Amino acid sequence: MHRPIARRPREAGARGRCGYDPALSSASTPRPDGVPERPSLEGLEQKWSAAWERDGTYSFDRSAPRERIFSIDTPPPTVSGSLHVGHVFSYTHTDAVARYMRMKGREVFYPMGWDDNGLPTERRVQNHYGVRCDPSVPFDPSFEPPEQPSEKEPVSISRPNFVELCLRLTESDERAFEDLWRTLGLSVDWSMTYTTIGPIAQKISQRSFLGLLARGAAYQLEAPTLWDVDFQTAVAQAELEDRERPGAMHKVRFTSARDGGEALIETTRPELIPACVALLAHPDDERHAGLVGGEARTPLFGTTVPVLSHPLVEREKGTGLVMVCTFGDLTDVTWWRELSLPVRSVLAPDGRLAEVPWGSAGWESADLERARASYGELAGRSINQARRRIVELLAESGDLIGEPEPVNRAVKFYEKGDRPVEIITSRQWFIRTISQQQLLLDAGRELRWHPPYMRARYEDWVNGLNGDWCVSRQRFFGVPFPVWYPIDGDGNVIHSEPIVASDSQLPVDPSTDVPEGYGAEQRGQPGGFAGDPDVMDTWATSSLTPQIAGQAGVDEELFAKVFPMDVRPQAHDIIRTWLFTTVLRSELDEGELPWGNAAISGWVLDPDRKKMSKSKGNVVTPMHLLEEHGADAVRYWAASGRPGTDTAFEAQQMKVGRKLAVKLLNASKFALADLPPQAEELAHPLDRAMIARLAALAAEAEASFEGYDYARALQRTEESFWWYCDNYVELVKGRRYDPSPEVSGPVSRALRVSLSVFQRLLAPFLPFVCEEVWSWWQEGSVHRARWPEAAELAAEALSAEPDREELALEVTAAALAEVRKAKSQAQRPMRAAVARLIVRDTEERLAALELGAGDLRQAGAVEVLQTEPGEELAVEVEFAEE
RNA sequence: GGGCGCGUAGCUCAGUGGGAGAGCGCUCGCUUCACACGCGAGAGGUCGCAGGUUCGAAACCCGCCGCGCCCACCA
């Protein structure tokens, strides 16, 4: 039995009134004739970034109350490196969240910093200007770099002059970065930028250091320190990385001092035999029980060393007997400390074996002449040269047992270095971390991590700390330690009694500034003073970015408004450095977390899933990308990378993003161009169902953003938008063009409301195209419009039978899809007329379909629509004669 | 050695207790009155392997395999 469906749409159901969102109600203002004939993405970046700058769209209003402010501890990119796709990727994530928060009514504190201090800049400046920093050279206010830089004979200049050149060079880098960020559409307030070498950063960094010093949380110590022999500076545990290097295991004979018996050890570092201070066995190792407690003699040098036991010795390794040197690795440091061993150091800071005073205290030998002769073969040589030579000497003396056995082993390198780090005793500044471990673990648990599993990396790191944080570097372009040391009458520098800078002096450079109570002429003189020659580790300043951006101690009112910050966005590879040190400094200085949330982003991998890096030659320059695909398209790709997840670089995804942007242009044009006046309320069940769906969508996108899951918000919104274009828009076309205002008025309203929602939901991701389509019909920036409220949309869509209407939308769209399928399979055009359409489905679904029947007939060009009960949706299509 | 994450269509990925999905790519069709930077359709999967829990598992539990990363060791 065929049952025709009534053609007339049902009367509108009951609906309630509610307070309107300003953006919703502004849709009722007369439409300006702002819809272009051929909408295009071309030039939107320039057009809108200029407009945003002119209108101060993103300027931070510091008069906002504290609870409304959302503050972001933006990562300051290293300006002396070049920008790469990874930057674009992660900064887009932050920007999407910032834009969401702004639309939610938060006043967003979103500054930008430039990390310009540190080694990378130093190296560039040295090469670029042909200069070399020498802190002993006096400041020359009129210094200009040579016109023809000479690499062979660099000009020695003072630290302030050197720093000035660093600033000059980084300034142009910073402009290039800002250009890129503006083109990408970061909603940063560009009046709030800072640099990590600028006076405010220096002042805050030095003041924090002096506070730590006064409270005993910073101290200096002459101690074994990780050391890079090329840069000749101390480095920190956090700056180390493992690299696989080939080496060789050498079996070497020591002799028992008691009976001349053999004591065999295995080592990969035979060049350190002259630095040997003990042999160790495991306490339970029967094999060496006879040796423990006695003494042994080193081969070639005849030094007498104790044989001791320690539980850290591994019995299975080598002979079970290990030589302790000062210092071969970090385990040596542990043994040296725990067993109170002496220091016998052979390695100079430049990575060569130093001259040592054989015969004097600590350098006694059973055969001094031989020790001197053997060591004479090594002194002055580099580590590798010395190793080769001592192997020859050991072979000649018969103390090398068998052939060296090649092994591949992981060696620790300074991450920017070319040779393995060594451990050298020197005087350095430290900040206490070991005594803070529990505090730091508690802080890590209090912090909300996105995604949560990233906390594990932090905890691993804190639990694995093996020494306090060494913060001094024997470099120049960094923040100096604000201390001097008195020089006694005999010319000795008294490091134990540092003269600290007064707070009003900050920032100071002790290499040129003079401590209070002294005159400049007393520098370096007996009875005078000497400036601390070192600078701080770059992380020692970067760890204060919340204080620097918020201008702690400089603009207290601002700082109180933005600190603690809401979120720290950063990549996972610097959890152990930047994140860890920032938590540490904030806990030490402020006694609280620096931020409530840590939003951790992944890396960009090349299509072969390798990390993109300059050395692999697989880096794509970001400006080129933006020019080729457009900023919105690139942002789309970036925003589809989930928090914390490494994402492959995919130009194809950018093309998809561009399609989405174009679709939004065209859908907006369809909805808005020559749109009839809107009615006061919705009238059609399908319209109400669509708006109800949008209410659910807005709620889901909001929940995702609140959990920093911008990717899910984008995915759901995009999915919904395509469904809307392909189904809803097709279904309502007939009513939209209907001459009767009774019909076109309500659908006009539905289109305005729905378009307004999509334009706003997509605005955090596609800021340029969304601003463009918003400008066609709305006042003000979409980026200052209010986020669509689910409750208001639900009220707009209020219906007497919401379930049936929702089902109607679903079934009608599904039936339309079936009609399209039939046309496609019959290879007919979509506008081909259908003489008769029979829809079979369950009773409930057919009852719902009644509500959408008019739209279905129109959209499918169906002349007669009939329904029959069935088990699931099926259609029968009779085409009209052609 | 410890930990974290991942393994779903050719590719990139969503789906976390009840119909195996999206986009891209591929194939076929369509000048459709917002859009050919378009529209419609189709093919394509033992959801890493094995066991368990459950009426029911891609999802939950146990084990294994593979990939990536972090930490530790690195005499």
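Remember, it's a predicted structure, so these values are computed and weren't measured experimentally. Order of the sequence lines sets the chain letters (A, B, ...), proteins ahead of strands, with each chain counted from 1.
Note: CG (A:Asn666) to P (B:G38) measures 9 Å, nearest angstrom. For the pair A:Leu240 CG and B:C71 P, the interatomic distance rounds to 10 Å; values are reported in whole Å. What separates CG of A:Asp646 from P of B:C4 is a distance of 18 Å, to the nearest Å. Straight-line distance from the CZ atom of A:Arg245 to the C1' atom of B:C73: 18 Å, rounded to whole Å.
For A:Lys663, taking side-chain heavy atoms from C-beta onward, the closest of the listed nucleotides B:C30, B:G38, B:A41 is B:G38. Taking the side chain of A:Thr331 as heavy atoms from C-beta on, and the options B:G2, B:C74, B:A41, the nearest nucleotide is B:C74. For A:Ala410, whose side chain is taken as the heavy atoms from C-beta onward, the closest listed nucleotide among B:A41, B:U32, B:C73 is B:C73. In the set B:C74, B:G3, B:A14, the nucleotide with an atom closest to the side chain of A:Arg716 is B:A14. With B:G25, B:G5, B:G40 as the candidates, the nucleotide lying closest to the side chain of A:Gln652 is B:G25. When each of B:C69, B:C24, B:G15 is scored by its nearest atom to the side-chain atoms of A:Val656, the top-ranked nucleotide is B:C24. Taking only side-chain atoms of A:Arg820, from C-beta outward, the nucleotide of B:C4, B:G40, B:C71 with the closest atom is B:G40. For A:Gln825, the side-chain atoms get nearest to B:G42 when compared with the rest of B:C73, B:G42, B:C39. The side chain of A:Glu650 sits closest to B:U12 out of B:U12, B:C73, B:C37. When distances run from any side-chain atom of A:Trp722 to the nucleotides B:C39, B:U31, B:C28, the shortest one goes to B:C39.
Between A:Glu818 and A:Arg840 no salt bridge is recorded (no basic side-chain N to carboxylate O distance below 4.0 Å). A salt bridge does not link A:Arg845 to A:Glu872: none of the charged nitrogens lies less than 4.0 Å from a carboxylate oxygen. The residues A:Arg735 and A:Asp687 are annotated as salt-bridged, a charged nitrogen and a carboxylate oxygen being separated by less than 4.0 angstrom. A salt bridge links A:Arg693 with A:Glu806: at least one charged nitrogen is closer than 4.0 Å to a carboxylate oxygen.
Base-pair partner of B:U46: not found among the strands shown (Watson-Crick or G-U wobble, both distances under 3.5 Å). Across all strands shown, B:C39 pairs with B:G29; the Watson-Crick or G-U wobble distances both stay below 3.5 Å.
Summary of the strand contacts: A:Ser824 and A:Met830 both lie near RNA chain B, and taking for each the nucleotide with the nearest heavy atom, the more 5' one is attributed to A:Met830. With the nearest nucleotide of RNA chain B identified for both A:Met249 and A:Arg658, A:Arg658 has the one nearer the 5' end.
Taking the ring centroids of A:Phe649 and A:Trp637, they lie under the 6.0 Å cut-off.
For B:C71, the base has no donor-acceptor partner in the side chain of A:Asn466 [N/O atoms by modelled type, under 3.5 angstrom]. No N or O donor and acceptor, one from the side chain of A:Lys659 and one from the base of B:C37, sit under 3.5 Å apart.
Residue A:Lys655 is classed as having no contact, given no heavy-atom separation below 4.0 Å to the nucleic acid. If you check every strand for non-hydrogen atoms under 4.0 Å, A:Asp726 touches sugar and phosphate atoms only. If you check every strand for non-hydrogen atoms under 4.0 Å, A:Gln653 touches nothing. Contact annotation for A:Lys823: no contact, since no heavy-atom pair falls under 4.0 Å across all strands. Contact annotation for A:Asp329: backbone-only contact, meaning every heavy-atom pair under 4.0 Å involves sugar-phosphate atoms and none involves a base.
A cation-pi arrangement is absent between A:Arg635 and A:Phe768, since the terminal nitrogen or guanidinium carbon is not both under 6.0 Å from the aromatic centre and inside a 45° cone about the axis.
Rounded to the nearest Å, the gap between the C1' atom of B:G21 and that of B:U53 is 27 Å. Rounded to whole Å, the C1' atom of B:G19 lies 14 Å from the corresponding atom of B:A57. Atom name P, nucleotides B:G5 and B:G63: the rounded distance is 14 Å, in whole Å. Here the separation of B:C55 from B:C6, taken at their C1' atoms, is 32 Å to the nearest Å.
Counting only heavy atoms from C-beta outward, the side chains of A:Leu660 and A:Phe721 approach each other to under 4.5 Å.
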